[in-house]
Amino acid sequence: MDIISDRLKQIQPSQTLVISAKAREMKAKGRDIISLSAGEPDFGTPENISQAGIRAIQTGQTKYTDVGGTLQVRQAIANRLNTDYGLDYTADEVAVSSGGKQVIFNAMMASINPEDEVIIPTPCWVSYPDIVTLAGGKPVMVVCDEKTTGFKLQPQQLREAITEKTKWLIINSPCNPTGVTYSKEELRALCDVLLEFPNVWILTDDIYAKLTYDEFVASTIVQVEPKLKERTVTMNGVSKAYSMTGWRIGYAAAPVEFIKAMMKLQGQSTTNACSISQAATIEAVSGPQDFIQDMTSTYQKRRDIVLEQLNATPGLSCIKPEGAFYLFPSIHDCIGKTSKSGVKIVDSESFVTALLEEEGVAAVHGAAFMMEGYFRISYATSTELLKEACTRIKQFCMNLQ
């Protein structure tokens, strides 16, 4: 008897985690590795938030909570969403999970029946299609290429992708891996299409919404079209904006009945998210927000430095992202060449593998994000390391023959 389920065999390990693990292993063996593969802020958690977690421990907030989170954290999150976007969420419409990934997992597992379709614009975050597949659904990948769409889903593409089996659209702005953002007008055009199809639900992944540049302000689906609130799950969390990746807190805002369905599932899996992290989250979303502006200002400077260096590198070209902390350079002019150690660059995976082995820079291949011919780097690391990484990437590309 094969102990591994057929369901699990349909999915792959997260490629970002695989690359990060390989980089750590090489570094442990003494290699000089610069890792640009992980989507994790290099800033520490702000002191006021950390102290809130410490107080929670000291005051005995170390017991089980309600499955979906304490009333206090759910109300604080609702208040934050309402303040940021002019919405009217209540605590009953909010649930807290152990990270944003669990929110998406809960939403798909709680709703998908066999053969249900989920529209996913690509390039996309690596886990969307596998989560849909694990839930028994069918990922419908809609290619949003750089030249014709600017990596953004177009209204006509959305309309053509919807069938009688479509249950969800997943939208991510700012986007991982490209960093592109949808303007309010662009979201409006997508909302107009969605209003034509009342059976299609929307999951909007807003995890990078506070990390935007050049005075861009991110919008969200329910803000743009309140009529869609009754079939929208808004996912966010504290990992990126508050530099709290290890605290593992994501949250959903959605209709009460769907919140109950997700929590029914969570009640039979992880139960509540960490009580201490919930207490810290109250401080994060309710306390001073100026830390975010300081962080994004630093990110923007790093983005500009790395973008300039990449676009000055032979064989690479890269659009200017407006959000998140990723760059997604094209390597199309490198395909078919050979590295200095004799590796034939046939695709994005061979490119990033050779880059890691020869120059000690860890990045993630574009195929992991459902878009061949690109690779993703994170600029959520120190400026000094980013400059050195750019030097190594340029050297690698210049050595291609």
Side-chain angles (χ1 to χ4, degrees), residues 12-43 101 123-127 175-179 208 239-240 243 245-246 298-299 302-303 305-307 309-311 313-318 321 324-331 334-335 337-400:
Q12 300 296 321
S14 169
Q15 291 301 298
T16 51
L17 298 180
V18 168
I19 297 291
S20 296
K22 184 175 181 179
R24 284 193 297 270
E25 181 182 346
M26 292 174 68
K27 195 167 186 176
K29 292 179 179 179
R31 285 289 304 274
D32 178 16
I33 302 296
I34 301 175
S35 183
L36 306 181
S37 58
E40 181 171 46
D42 63 310
F43 295 87
K101 187 178 291 188
C124 67
W125 181 49
V126 296
S127 292
C175 175
N176 175 6
T178 63
Y208 298 99
S239 294
K240 316 297 184 179
S243 197
T245 50
T298 299
Y299 282 148
R302 293 173 178 174
R303 179 204 64 178
I305 290 170
V306 179
L307 183 66
Q309 291 299 311
L310 291 175
N311 281 324
T313 297
L316 302 184
S317 64
C318 188
F325 39 60
Y326 306 111
L327 289 160
F328 201 56
S330 167
I331 60 166
C334 298
I335 301 296
K337 296 184 178 181
T338 303
S339 74
K340 69 178 182 181
S341 67
V343 175
K344 186 78 169 180
I345 307 301
V346 296
D347 54 20
S348 59
E349 186 170 7
S350 57
F351 180 93
V352 298
T353 300
L355 177 64
L356 178 58
E357 293 289 347
E358 296 180 18
E359 298 294 340
V361 176
V364 186
H365 50 299
F369 305 100
M370 311 299 144
M371 183 64 73
E372 187 52 81
Y374 294 82
F375 72 110
R376 191 198 77 175
I377 64 174
S378 166
Y379 50 88
T381 192
S382 73
T383 303
E384 292 73 22
L385 284 177
L386 288 169
K387 289 179 178 178
E388 174 60 22
C390 287
T391 299
R392 297 184 189 187
I393 293 170
K394 188 170 187 178
Q395 185 64 46
F396 175 78
C397 291
M398 290 177 66
N399 285 333
L400 294 176

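Hydrogens, waters and symmetry mates are skipped; everything else that's a heavy atom, side chains included, is used.
Residue Gly315 comes nearest to Cys334 through the heavy atom pair O-SG, 3.5 Å, listed as atom of the first residue, atom of the second, then distance. Among all heavy-atom pairs drawn from Ala389 and Ile34, the shortest one is N-CD1, 3.8 Å.
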Residues Asn176, Arg376; criterion side chain to side chain contact (heavy atoms under 4.5 Å, CB included); working and verdict: CA-CA 9 Å; Asn176 175 6; Arg376 191 198 77 175; 2.8 Å; yes

Residues Glu358, Val343; criterion side chain to side chain contact (heavy atoms under 4.5 Å, CB included); working and verdict: CA-CA 10 Å; Glu358 296 180 18; Val343 175; 4.2 Å; yes

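Listed by first and then second residue, the side-chain hydrogen bond (donor to acceptor under 3.5 Å, both in side chains) pairs that reach into residues 377-388 are Glu388-Arg392, sequence neighbours excluded.
With contacts defined as side-chain heavy-atom distances shorter than 4.5 Å, the pair Leu386/Gln309 does not qualify. Here the side chains of Tyr374 and Pro123 are not in contact, with every heavy-atom distance at 4.5 Å or above. For the pair Pro321 and Tyr326, the minimum side-chain heavy-atom distance is 4.5 Å or more. Put simply, the side chain of Leu316 reaches to within 4.5 Å of the side chain of Ile393, judged on heavy atoms. Considering only heavy atoms from C-beta on, Leu36 comes within 4.5 Å of Val361 through its side chain.
Here Thr338 pairs with Lys344 under the side chain to side chain contact (heavy atoms under 4.5 Å, CB included) rule; sequence neighbours left out. Among residues two or more places apart in sequence or in another chain, the ring pair (Phe, Tyr, Trp, His ring centres under 6.0 Å) test is passed with Phe375 by Phe351. Residues satisfying the side-chain hydrogen bond (donor to acceptor under 3.5 Å, both in side chains) criterion with Ser243, sequence neighbours excluded, are absent altogether. Here Lys22 pairs with Met26, Thr353, Leu356, Glu357 under the side chain to side chain contact (heavy atoms under 4.5 Å, CB included) rule; sequence neighbours left out. Applying the side chain to side chain contact (heavy atoms under 4.5 Å, CB included) criterion to Lys337, with sequence neighbours excluded, gives Leu400. The side-chain hydrogen bond (donor to acceptor under 3.5 Å, both in side chains) test applied to Ser330 returns His332, not counting sequence neighbours. Remark: Glu372 pairs with Ser348 by the side-chain hydrogen bond (donor to acceptor under 3.5 Å, both in side chains) rule, at least two apart or across chains. Shown here are the side chain to side chain contact (heavy atoms under 4.5 Å, CB included) partners of Cys124, two or more places apart in sequence or in another chain: Ile120, Thr122, Tyr128, Pro129, Met141, Met370. Every residue was checked against the side-chain hydrogen bond (donor to acceptor under 3.5 Å, both in side chains) condition with Asn311, not counting sequence neighbours, and none meets it. Every residue two or more places apart in sequence or in another chain that forms a salt bridge (charged side-chain N to carboxylate O under 4.0 Å, His left out) with Arg302 is listed here: Asp42. The ring pair (Phe, Tyr, Trp, His ring centres under 6.0 Å) check on Phe369 picks up nothing, with sequence neighbours excluded.
Once rounded to the nearest 0.5 Å, the distance linking SG of Cys397 with CD of Glu359 reads 9.5 Å. Here CD1 of Ile377 is found 7.0 Å from SG of Cys318. Values are rounded to the nearest 0.5 Å. Distance check: Ile331 CD1 to Leu310 CG gives 12.5 Å after rounding to the nearest 0.5 Å.
Between Tyr299 and Phe325, the ring-plane angle classifies as tilted under the 30° and 60° cut-offs.
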